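Have a look at the structure below before the remarks.
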There are 2 protein chains.
Amino acid sequence: MNLEIIGILAGLLTSSSFLPQILKIYKMKSAEEISLPFLLMQLIGILLWLFYGFTISSIAVVFANILAAIGIFTLILEKLLYR
Amino acid sequence: MNLEIIGILAGLLTSSSFLPQILKIYKMKSAEEISLPFLLMQLIGILLWLFYGFTISSIAVVFANILAAIGIFTLILEKLLYR
């Protein structure tokens, strides 16, 4: 099995995992229990992962972290909106 | 700058980010807003990342995902405990 496929599958799972969390907060119209430091550390870490992924030329790491950045950015907007 | 240091810094940030979220749920004694599918997809994804990291011999990816697995596992326990 192609190794990069496992990486891309891993990336798809960890990145798309943000979607049910985004929808849950949207439905509940509340993000009180979500930690803002959690979201900010995730965002900075994901941007560093992107840089790392580009540098080691890992398609899986780059792909996963572009999706994850979009997910975390959406969660931060929800956190600021619903608190 | 050593590339692996950037990866380890990225891994430290994304993995230790779970700590403020763990503490927030512990203090609020509630995890109603946390999505269980989010946590389960994260867990499976992280285990795949571990496998990927071992295979491409990336210390940063392995290190980050061992810590992340512990964090997500703790969050799943909290979710089951506090709902």
Side-chain angles (χ1 to χ4, degrees), chain A residues 1-58 60-61 64-65 67-68 71-72 75 78-79 82, chain B residues 1-58 60-61 64-65 67-68 71-72 75 78-79 82:
Chain A
M1 192 180 184
N2 191 315
L3 174 65
E4 213 61 20
I5 290 175
I6 292 184
I8 286 171
L9 192 63
L12 267 180
L13 270 163
T14 47
S15 306
S16 56
S17 72
F18 293 114
L19 195 60
Q21 186 60 70
I22 288 167
L23 292 175
K24 181 134 197 170
I25 294 173
Y26 180 73
K27 280 180 204 156
M28 296 185 77
K29 308 277 182 242
S30 169
E32 204 189 339
E33 292 169 4
I34 310 295
S35 159
L36 188 59
F38 162 67
L39 296 176
L40 296 179
M41 288 165 79
Q42 281 274 327
L43 184 65
I44 300 167
I46 283 166
L47 295 179
L48 284 177
W49 273 125
L50 254 182
F51 179 80
Y52 178 80
F54 271 118
T55 319
I56 67 167
S57 303
S58 164
V61 173
N65 284 288
L67 286 185
I72 280 292
L75 281 174
E78 285 188 321
K79 174 67 182 172
Y82 298 123
Chain B
M1 193 180 182
N2 191 315
L3 175 65
E4 214 58 22
I5 289 176
I6 292 184
I8 286 171
L9 191 63
L12 267 179
L13 270 164
T14 47
S15 306
S16 56
S17 72
F18 293 114
L19 195 61
Q21 185 61 70
I22 289 168
L23 293 175
K24 179 131 197 173
I25 294 174
Y26 180 73
K27 280 180 204 158
M28 295 187 76
K29 306 277 183 241
S30 170
E32 203 189 339
E33 291 168 3
I34 310 295
S35 159
L36 188 58
F38 161 67
L39 297 175
L40 296 178
M41 288 165 80
Q42 281 275 328
L43 184 66
I44 300 167
I46 282 165
L47 295 178
L48 284 177
W49 274 126
L50 254 181
F51 179 81
Y52 178 80
F54 270 118
T55 319
I56 68 168
S57 302
S58 163
V61 173
N65 284 287
L67 287 185
I72 280 291
L75 281 174
E78 284 188 321
K79 174 66 182 172
Y82 299 122

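Since we're looking at a predicted model, the values are computed, not measured.
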Heavy-atom side-chain contact between A/Tyr52 and B/Val61 under 4.5 Å: yes
message: Please rank A/Ala10, A/Ser58, A/Gly7, A/Gly45 by heavy-atom pairs under 4.5 Å with chain B and give me the top one.
response: A/Ala10
message: Is the shortest side-chain heavy-atom distance between A/Trp49 and B/Leu13 below 4.5 Å?
response: no
message: Need one label for B/Ala68: side chain, backbone, both or neither, based on atoms under 4.5 Å from any heavy atom in chain A.
response: neither
message: Heavy-atom pairs under 4.5 Å with chain A: which of B/Ser30, B/Pro37, B/Ala64, B/Ser35 has the most?
response: B/Ser35
field: Parallel, tilted or perpendicular, as decided by the 30° and 60° cut-offs, for the rings of A/Phe38 and B/Phe38
entry: perpendicular
- prompt: Is the OH atom of A/Tyr82 crowded by more than 12 outside heavy atoms at less than 6.0 Å?
  reply: yes
task: State the CD-CD1 distance between B/Glu4 and A/Ile56, to the nearest 0.5 angstrom.
output: 7.5 Å
statement: Within residues 20-27 of chain B, the residues sitting under 4.5 Å from chain A by heavy atom, in sequence order, are B/Pro20, B/Gln21, B/Lys24
message: Heavy-atom pairs under 4.5 Å with chain A: which of B/Leu39, B/Leu48, B/Ile46 has the most?
response: B/Leu48
statement: Separation between CD1 (B/Ile44) and CG (A/Leu12), nearest 0.5 Å, reads 13.0 Å
task: Kindly give the heavy-atom pair with the smallest separation between B/Glu32 and A/Glu33, and that separation in Å.
output: N-OE1, 3.0 Å
Residue pair B/Ile6 / A/Thr55, side-chain heavy-atom distance below 4.5 Å: no
query: Where does B/Ser16 contact chain A at under 4.5 Å (heavy atoms): side chain, backbone, both or neither?
result: both
- prompt: From A/Asn65 CG over to B/Thr14 OG1, what is the distance, rounded to the nearest 0.5 angstrom?
  reply: 8.0 Å
